[in-house]
Amino acid sequence: MPLSPACRGCPEKNEKEHGRCVPPLNRLCGGMRLSRYFLPILRETPKEAEIASHRLMLRAGMIRQEAAGIYAWLPLGFRVLKKIEQIVREEQDRAGAVELLMPTLQLADLWRESGRYDAYGPEMLRIKDRHERELLYGPTNEEMITEIFRAAIRSYRDLPRNLYHIQWKFRDEQRPRFGVMRGREFLMKDAYSFDVDEAAARLSYNKMFVAYLRTFARMGLKAIPMRAETGPIGGDLSHEFLILAETGESGVFCDKGVLDLPIPDEGVDYDGDLSSIIRQWTHLYAATQDVHDEVRFEREVPPERRLQTRGIEVGQIFYFGTKYSAPMNAVVAGSDGVERPIHGGSYGVGVSRLVGATIEAFHDDAGIKWPEPVAPFRVMILNLKQGAADTDAACEQLYAALAAKGMDTLYHDLDERPGAKFATADLIGVPWQILVGPRGLAEGKVEVKRRADGTRDLMSPADALARLTA
RNA sequence: CGGAGUGUGGCUCAGCCUGGUAGAGCACCUCGUUCGGGACGAGGGGGUCGCAGGUUCAAAUCCUGCCACUCCGACCA
């Protein structure tokens, strides 16, 4: 795949790897002038927003609510969504999963094969087309992927496989809330593994387990795998991945030791033995309220290491055996020539929810503090005296130089007062701000401010460039 | 789905009880003065008061029904 010119030199990753970028990400590399952007900032907090991430996403012009639990993603929010999506994609690919795209609408008849059309309940949005054919807006895709898979695969030699897509889902929640954290329409990565038997399926499960550890860590999040109930999807092996946050929906109990476990590096051999990593991450106590065992907790975890808090679920993995393959007749011939149902697993990541969850983890009173890997822009240039020859020239030079390096840069070139620009920059949470004002330029200096901790350093524009493109 | 609320300009709200020419702050437009942490002055534009009925000479306001949205709880791959 040829490199997009805009991608050349992008600091996201080396150029060789960049050839794998899907087109939407290519567009994220480079610069943007605020005067040509669409960033509808709100000065006051909309009254419906109770929690920080919802409030800040509305104020920062990332989303706009169109109906209960249904949001339009405005340009700034869309950038973050795409960056998170891309990290998820890269780690799925690395773990050997193969991307495809299934439709949002599905035939009811397909769901009758598994028996879930009647079992699912009012959470499923049901639709009829002009021929009175019953359709549904997919809340998940086990049936469809099983249908796709069974049509093509005949032999155990074709296994294992893991297919995934990143697609919008709809679940008609009784009470949507917390903005994109619990919307009715949401973007989810869902992967589905197919194996010849349970032992093989567990190997597939372990790959996704490790991929998830890496995925959330790359976003700057500390996600902890916890034993989980399997819920309506069914099955007998499942972990939820939660990031710790006081505003989380789930109560969690764990051994503090899990907070310091090492994340597998990108050279991890997915075809090798992952069991030691899984053991390391599962032998310490960690459970959500639903499956919490207080007696075991007190027996296994010393008092000083007991942690009781709340968390936000950002992923869940299941092994469910032949739950779908048996009723839907998805079978392969074994080495003995006998056909048997394949053993399946499914693996979800809440992509749109992660946007809100990240803000819950990284914000202060002034606004969002994006971790660099998912920030909508990496650098923001603030021209503190728009229209003055020296500040304009210095900003244009910085902007051109950063864009040439493929750096995501937002140039605040509106004719606003410095205070307003500071407030906007802090609100939208771009990790690095370059403050260019007459005061500093008199000494040939600009100020580089790091949003995460508020530290500022005066330096020459050349040094600022070197520091931010290092 | 139970309970509690709210719908008035892009945002936050007042006005409703006690019916009588639709308001404020912020935002927006023009001009001027400003300019390192959300400036100031003057002038200006923008609203079928959620929808539909009803009562009345007259309804944002009173009555009835509906719709939407929010919060608490239950629910939540």
Side-chain angles (χ1 to χ4, degrees), chain A residues 40-51 54-55 58-59 61 64-71 114 116 119-124 138-143 169-179 181-184 186 188-192 228-235 238-241 248-250 288-290 312-320 323-324 345-350 353 365-367 382-388 391 412 414-427 433-443 445-447 449 454 456 458:
Chain A
I41 299 270
L42 301 179
R43 257 181 90 152
E44 292 179 77
T45 302
K47 62 180 172 186
E48 71 269 21
E50 289 293 313
I51 65 167
H54 190 197
R55 190 171 70 235
L58 290 167
R59 287 201 54 215
R64 177 168 175 80
Q65 181 170 334
E66 295 297 336
I70 299 177
Y71 293 86
S114 70
R116 282 209 295 179
Y120 213 90
E123 259 199 1
M124 178 185 283
T140 178
N141 286 65
E142 280 83 3
E143 283 81 358
K169 306 292 190 293
F170 195 93
R171 292 182 196 170
D172 201 356
E173 300 273 354
Q174 288 174 11
R175 191 184 161 209
R177 58 180 131 179
F178 305 143
M181 299 263 285
R182 189 164 163 198
R184 292 193 292 172
F186 57 97
M188 181 166 90
K189 184 284 298 183
D190 41 325
Y192 303 91
E229 287 184 328
T230 51
I233 277 191
S238 178
H239 285 88
E240 290 181 338
F241 288 72
E249 290 195 80
S250 318
T288 59
Q289 198 144 31
D290 298 338
I312 301 168
E313 186 194 334
V314 291
Q316 184 160 11
I317 58 179
F318 297 90
Y319 162 67
F320 50 66
K323 180 179 169 74
Y324 300 97
S346 70
Y347 314 90
V349 170
R353 169 178 283 192
D365 290 344
L382 307 191
N383 187 341
L384 300 185
K385 189 157 185 176
Q386 202 74 41
T391 54
H412 196 325
L414 300 179
D415 186 17
E416 286 181 5
R417 296 167 63 82
K421 293 196 178 187
F422 295 142
T424 295
D426 287 349
L427 174 62
Q433 300 171 13
I434 306 180
L435 316 185
V436 181
R439 208 157 81 190
L441 281 186
E443 304 167 30
K445 301 275 179 68
V446 297
E447 200 167 2
K449 175 181 165 183
R456 306 148 170 252
L458 269 176

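Heavy-atom basis, side chains included; hydrogens, waters and symmetry copies ignored. In what follows, chains are A, B, ... by sequence order, proteins preceding strands, each numbered from 1.
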So, taking the atom named [atom1] in [X] and the one named [atom2] in [Y], what distance separates them when rounded to the nearest 0.5 Å?
X: Ile41(A); Y: Leu58(A); atom1: CD1; atom2: CG; answer: 11.5 Å
X: Glu66(A); Y: Tyr71(A); atom1: CD; atom2: OH; answer: 10.5 Å
X: Lys323(A); Y: Phe318(A); atom1: NZ; atom2: CZ; answer: 10.0 Å

Side-chain H-bond candidate by donor/acceptor type, Gln289(A) with Ser250(A), under 3.5 Å: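 Per modelled atom types, Gln289(A) and Ser250(A) side chains form no pair under 3.5 Å.
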
Under the 3.5 angstrom rule, does the side chain of [X] hit a backbone N or O of [Y] as a donor-acceptor pair?
X: Lys385(A); Y: Thr391(A); result: no
X: Lys169(A); Y: Asn141(A); result: no
X: Lys421(A); Y: Asn383(A); result: yes

Taking atom [atom1] in both [N] and [M], what distance in whole Å separates the two?
N: A39(B); M: G25(B); atom1: C1'; result: 16 Å
N: C57(B); M: C66(B); atom1: C1'; result: 29 Å
N: C1(B); M: C62(B); atom1: P; result: 29 Å
N: G23(B); M: G46(B); atom1: P; result: 12 Å
N: C28(B); M: G65(B); atom1: P; result: 43 Å
N: G5(B); M: G47(B); atom1: P; result: 33 Å
N: C75(B); M: G38(B); atom1: P; result: 47 Å
N: G10(B); M: A59(B); atom1: C1'; result: 27 Å

Determine, step by step, whether Asp426(A) and Gln433(A) satisfy the side-chain contact (heavy atoms from CB on, under 4.5 Å) criterion, reporting the C-alpha distance in whole Å, the side-chain angles of both residues, the deciding distance to 0.1 Å, and the verdict. CA-CA 9 Å; Asp426(A) 287 349; Gln433(A) 300 171 13; 2.9 Å; yes

With sugar-phosphate meaning primed atoms plus P, OP1 and OP2, does [X] contact a base, only sugar-phosphate, or nothing at under 4.0 Å between heavy atoms?
X: Glu240(A); answer: nothing
X: Gly437(A); answer: base
X: Leu382(A); answer: nothing

Would you mind pulling out the nucleotide paired to [N], Watson-Crick or G-U wobble, both distances under 3.5 Å?
N: G5(B); result: C69(B)
N: G47(B); result: none
N: G25(B); result: C11(B)
N: C40(B); result: G32(B)
N: A60(B); result: none

Checking Phe178(A) now: which residues fulfil ring pair (Phe, Tyr, Trp, His ring centres under 6.0 Å) with it, not counting sequence neighbours?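 Testing Phe178(A) for ring pair (Phe, Tyr, Trp, His ring centres under 6.0 Å), a comparison that skips the adjacent residues, returns none.
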
Using a 4.0 Å cut-off on protein heavy atoms (strictly under), produce a 5'-to-3' string for nucleotides 38-43 of chain B with B for base contact, S for backbone-only sugar-phosphate contact, and - for none. BB----

Decide salt bridge (Lys or Arg N to Asp or Glu O under 4.0 Å) for Glu249(A) and Arg182(A); before the verdict, give the C-alpha distance in whole Å, the side-chain angles of both, and the deciding distance to 0.1 Å. CA-CA 10 Å; Glu249(A) 290 195 80; Arg182(A) 189 164 163 198; 3.3 Å; yes

Let me know the distance between [atom1] of [X] and [atom2] of [N], rounded to the nearest Å.
X: Ile434(A); N: G36(B); atom1: CD1; atom2: C1'; value: 16 Å
X: Glu443(A); N: G36(B); atom1: CD; atom2: C1'; value: 13 Å
X: His412(A); N: C35(B); atom1: NE2; atom2: P; value: 18 Å
X: Lys385(A); N: U33(B); atom1: NZ; atom2: P; value: 13 Å
X: Leu58(A); N: C11(B); atom1: CG; atom2: C1'; value: 11 Å
X: Asp172(A); N: C1(B); atom1: CG; atom2: P; value: 10 Å
X: Phe170(A); N: C76(B); atom1: CZ; atom2: P; value: 18 Å
X: Arg182(A); N: A74(B); atom1: CZ; atom2: C1'; value: 10 Å

Given Thr45(A) and Arg59(A), is the side-chain contact (heavy atoms from CB on, under 4.5 Å) satisfied, shown in steps? CA-CA 6 Å; Thr45(A) 302; Arg59(A) 287 201 54 215; 3.7 Å; yes

Give me the distances for all protein-to-nucleotides 68-73 of chain B N/O pairs that come in under 3.5 Å?
{"unit_1": "C69(B)", "atom_1": "OP1", "unit_2": "Ala68(A)", "atom_2": "N", "d": "2.9"}
{"unit_1": "C69(B)", "atom_1": "O3'", "unit_2": "Gln65(A)", "atom_2": "NE2", "d": "3.1"}
{"unit_1": "U70(B)", "atom_1": "OP1", "unit_2": "Gln65(A)", "atom_2": "NE2", "d": "3.1"}
{"unit_1": "U70(B)", "atom_1": "O3'", "unit_2": "Glu48(A)", "atom_2": "O", "d": "3.4"}
{"unit_1": "C72(B)", "atom_1": "OP2", "unit_2": "Arg175(A)", "atom_2": "NH1", "d": "3.3"}
{"unit_1": "C72(B)", "atom_1": "OP2", "unit_2": "Arg175(A)", "atom_2": "NH2", "d": "2.4"}

Tell me which of Arg64(A) and Asp426(A) sits closer to the 5' end of RNA chain B, going by the nucleotide each one is nearest to.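 By nearest-heavy-atom nucleotide position, the 5'-most residue is Arg64(A).
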
